[in-house]
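Some notes on the structure that comes next.
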Amino acid sequence: MLTQAPRGTKDVLPTESYRWQFLEKKMRGAAALAGYREVRTPVFEHTELFARGVGDTTDIVQKEMYTFQDKGNRSITLKPEGTAGAARCFLESNLYADALPCKMYYLSSPIFRYEAPQSGRLREHHQFGMECFGAQDATVDAELILLAFHLLDDLGVKNLSVNINSIGCPECRPKYHAALKDYLVPRLSGLCEDCRNRYERNPLRVLDCKKPNCQALVKDAPSMLDYLCEDCRAHFEQLQDCLQASGIPFRIDSRIVRGLDYYTKTVFELITSTKDGNLTVCGGGRYDHLVSQLGGPDLPAVGFGMGIERVLMLLDGEGIVIPRPDQYEVFVTYMGGCRMDAFRLVQSLRAQGFRADMDHCSRSLKAQFKYANKTGAPFSATIGEEEAQAGTVKIKNMATKAEKTVPQAEAAETLRAMMES
RNA sequence: GUGGGUAUAGCGUAGUUGGUUAACGCGUCAGAUUGUGGCUCUGAAGAUCGUGGGUUCGAGUCCCACUACUCACCCCA
């Protein structure tokens with residue numbers, strides 16, 4: 001259907017875009033407080049970037065990417081997540097040569113994944129993300145978690161739980177993998193088919209299976225946390241110390257496994273419980289070797305992504321109302337012969353900073369007022385024959401019906417005065 | 001990718017065991033005497049009943065396919 005947006009996409013209508021803008025403003029403010037500056041990277045990248053960065057065994061890369069050949073025969077992919085592009089940009093522009101850490105955020109960046117759309121899941125969605133390159137201390141991990149938490153908390157999101165975990169580093173993770181596999185091997189036949197696949201690709205995922213059978217079988221499986229090397233353990237403890245000191249509620253969930261291969265050490269999720277179940281609004285973690293994997297220096301980094309649509313969904317679900325700005329502050333109405341006077345007044349009001357408009361459909365005065373009322377304009381300014389003759393305009397407070405006739409030259413200051421009273 | 005539900009004007013719905021011009025509410029537009037809105041009243045516009053095929057004398061109503069929406073699994077924001 002020509003008049004139908006592609007599956008899994010959603011228009012943001014003029015009547016609702018203020019909600020996005022409201023969020024974006026909050027996000028910008030929160031990021032700025034911690035010294036993060038905006039980065040804008042392309043919507044598409046070379047496919048290779050994601051294959052190498054995100055990991056070519058991940059679901060995202062294997063089956064969810066929008067990939068195509070461009071006319072120069074390059075394999076191009078619409079970005080399926082935000083971090084790889086930011087890392088590429090960081091590297092390409094040699095930002096690591098400046099003072100580190102390098103802090104950046106991206107706003108309402110479109111993210112594309114070929115998935116079956118459902119509640120809170122689209123094929124094109126938008127993320128607010130923050131990345132910090134070049135700092136290894138867990139204070140940054142904590143700073144990002146706190147930032148995300150306070151942002152959502154400030155918006156009024158309730159039932160927010162912060163879950164953290166450490167999935168180790170190339171040093172200790174293989175040992176854990178081995179231990180986990182040893183544990184799973186004798187139980188393989190009892191696991192579901194999905195889990196047997198997971199065992200091959202990413203054994204950590206088996207721990208997260210929701211099937212009762214599998215859960216029972218992995219109940220006593222070894223925990224990554226018991227296998228962390230000294231460095232990772234200390235780092236994880238520092239993170240907990242920071243979070244504790246900040247006083248926000250959090251819990252360790254050793255089953256958190258992220259679906260992107262680049263993560264090391266810290267991984268975290270901000271989850272809210274809604275009436276339809278749990279919803280992850282924000283997910284992130286540390287990726288200490290992504291930059292080197294992409295051919296750069298071995299620099300530590302941390303970041304997260306937050307789903308804009310999901311945040312909006314939560315606000316909706318909790319009945320949190322975002323203030324809707326008036327489309328107009330003043331609507332100019334006029335009698336048939338005075339169209340030019342009205343037009344000039346509108347232009348003059350706009351020049352003086354008022355959101356102003358007039359009828360453009362040759363409507364009757366009555367209909368103009370109806371329309372003005374519908375737009376929610378708090379004031380009208382009317383020019384009829386009498387006013388045109390005298391060079392005046394009749395300004396009316398739509399709510400109180402109070403009217404005041406003043407010279408057209410004084411319209412702006414009269415409006416200001418009436419707005420304040 | 002697998003399975004369930006849904007598909008009637010812009011939105012929300014009705015449509016009886018298949019039977020002549022598909023109904024209602026909201027919204028939109030226009031009127032209710034000459035320069036004014038939110039209430040009320042009146043009227044108008046607006047639907048090839050998701051698309052395509054089939055059964056039938058006849059289908060919005062039954063059957064099949066496709067598509068979209070929606071929910072669950074998987075995975076994720």
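Labels below follow one simple rule: chain letters A, B, ... track the order of the sequence lines, proteins then strands, and each chain is numbered from 1. Nothing here was measured: the structure is a model prediction, and the numbers come from that model.
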Do any side-chain nitrogens or oxygens of A:Gln368 fall under 4.0 Å of OP1 or OP2 in B:rU36? no
Separation of A:Tyr371 atom OH from B:rU36 atom C1', in whole Å? 17 Å
Looking at A:Tyr199, is A:Lys181 sitting on its ring face, NZ or CZ under 6.0 Å from the six-membered ring centre and within 45 degrees of the normal? yes
So, do A:Phe128 and A:Tyr106 sit near enough that their side-chain heavy atoms are less than 4.5 Å apart? no
In whole Å, I'd like the distance from the CD atom of A:Gln118 to the C1' atom of B:rC75. 10 Å
Any strand is fair game: report the nucleotide pairing with B:rA7 by Watson-Crick or G-U wobble, both distances under 3.5 Å, or none. B:rU67
Just jot down the side chain to side chain donor-acceptor pair (under 3.5 Å) partners of A:Glu64, sequence neighbours excluded, or say none. none
Rounding to an integer number of Å, can you tell me how far A:Lys401 NZ sits from B:rC39 P? 12 Å
Could you tell me the separation between the CD atom of A:Glu269 and the P atom of B:rC75, rounded to a whole number of Å? 12 Å
Separation between the P atoms of B:rA22 and B:rC49, rounded to whole Å: 10 Å
Selected nucleotide, minimal atom distance to A:Ala116 side chain, candidates B:rC75, B:rC71, B:rG1: B:rG1
Rounded to the nearest 0.5 angstrom, the CZ-CD distance for A:Arg350 and A:Glu329 is 12.0 Å
Using OP1 and OP2 only, check whether a side-chain N or O of A:Arg363 sits under 4.0 Å from B:rA30. no
Of the candidate nucleotides B:rU36, B:rC75, B:rC71, which contains the atom at the shortest distance from the side chain of A:Asp59? B:rC75
Pair assignment for B:rU42, Watson-Crick or G-U wobble, requiring both distances under 3.5 Å: B:rA30
Atom CZ of A:Arg344 and atom CD1 of A:Ile383: how far apart are they, to the nearest 0.5 Å? 8.5 Å
For the pair made of CE in A:Met335 and P in B:rG37, what is the distance, rounded to whole Å? 13 Å
Does A:Arg258 make a side-chain N or O approach to OP1 or OP2 of B:rC75 shorter than 4.0 Å? no
Could you check whether A:Gly8 gets within reach of a base, just the sugar-phosphate, or nothing at all, counting any heavy atom under 4.0 Å? sugar-phosphate
Out of B:rA30, B:rA77, B:rG38, minimum distance to the side chain of A:Ala367 belongs to B:rA30
What nucleotide, of B:rA77, B:rC71, B:rG37, holds the atom closest to the side chain of A:His125? B:rA77
Any side-chain donor paired with an acceptor under 3.5 Å for A:Ser109 and A:Lys79? yes
Picking from B:rC71, B:rU36, B:rG35, which would you name as closest to the side chain of A:Glu386? B:rG35
Atom-to-atom span, OH of A:Tyr114 to C1' of B:rG1 - whole angstrom: 9 Å
Below the 4.0 Å mark, does B:rG27 have OP1 or OP2 next to a side-chain nitrogen or oxygen of A:Lys370? no
Give a yes/no on whether any side-chain N or O of A:Arg7 is located under 4.0 angstrom from OP1 or OP2 of B:rC69. yes
Counting the atoms with a prime plus P, OP1 and OP2 as sugar-phosphate, which does A:Leu260 contact under 4.0 Å by heavy atoms, base, sugar-phosphate, or nothing? sugar-phosphate
C1' spacing across the pair B:rA23 / B:rU16, given as an integer number of angstrom: 13 Å
Using a heavy-atom cut-off of 4.0 Å across all strands, would you classify A:Arg113 as base, sugar-phosphate, or nothing? base
Atom C1', compared across B:rU8 and B:rU48: separation rounded to whole Å: 13 Å
For the residue pair A:Arg187 and A:Tyr183, would you count it as a cation-pi contact if the rule is NZ or CZ under 6.0 angstrom from the ring centre and within 45 degrees of the ring axis? yes
Just the rounded figure in Å: distance from P of B:rU36 to CD1 of A:Ile395. 19 Å
Should B:rU36 form a Watson-Crick or G-U wobble pair with both distances under 3.5 Å, which nucleotide is its partner? none
What I'd like to find out is whether the side chain of A:Ile395 reaches to under 4.5 Å of the side chain of A:Glu403, using heavy atoms alone. no
Take atom P in B:rG37 and the same atom in B:rG25, then report the distance between them in whole Å. 24 Å
Look at the side-chain N and O atoms of A:Lys374 and state whether any lies under 4.0 Å from the OP1 or OP2 oxygen of B:rU28. yes
Tell me what A:Ser119 touches on the nucleic acid: a base, only sugar-phosphate, or nothing, going by heavy atoms under 4.0 Å. sugar-phosphate
Students often get this wrong, so: under 4.0 angstrom with heavy atoms, is A:Glu403 touching a base, only sugar-phosphate, or nothing? base
Same-atom distance (P) from B:rC41 to B:rG35, integer angstrom: 26 Å
Looking at A:Lys366, does any N or O in its side chain come under 4.0 Å of the phosphate oxygens OP1/OP2 on B:rG37? yes
Rounded to whole Å, the CG-P distance (A:Leu270 to B:rA77) equals 12 Å
Given the ring of A:Phe112, does A:Arg123 sit roughly above its face, with NZ or CZ under 6.0 Å from the centre of the six-membered ring and within 45° of the axis? no
For B:rC26 versus B:rG38, give the span between their P atoms, rounded off to a whole number of Å. 15 Å
B:rC57 - base-pair partner by Watson-Crick or wobble geometry, distances under 3.5 Å: B:rG19
Indicate, yes or no, whether a donor-acceptor pair under 3.5 Å links the base of B:rG1 to the side chain of A:Glu64. no
5'-most contact on RNA chain B: A:Pro117 or A:Gly120, nearest heavy atom basis? A:Pro117
Return the nucleotide paired to B:rU2: Watson-Crick means purine N1 to pyrimidine N3 with N6-O4 or O6-N4, wobble means G-U with N1-O2 and O6-N3, both under 3.5 Å. B:rA72
Kindly say if A:Thr382 contacts the phosphate of B:rU36, meaning a side-chain N or O under 4.0 Å from OP1 or OP2. no
On RNA chain B, nearest-nucleotide positions of A:Val281 versus A:Lys63: which is more 5'? A:Lys63
Which value, in whole Å, describes the distance between the C1' atoms of nucleotides B:rU13 and B:rU17? 23 Å
When the C1' atoms of B:rA7 and B:rA65 are compared, how many Å lie between them, rounded to an integer? 15 Å
Could you tell me whether A:Met398 contacts a base, only the sugar-phosphate backbone, or nothing, with contacts defined as non-hydrogen atoms closer than 4.0 Å? base
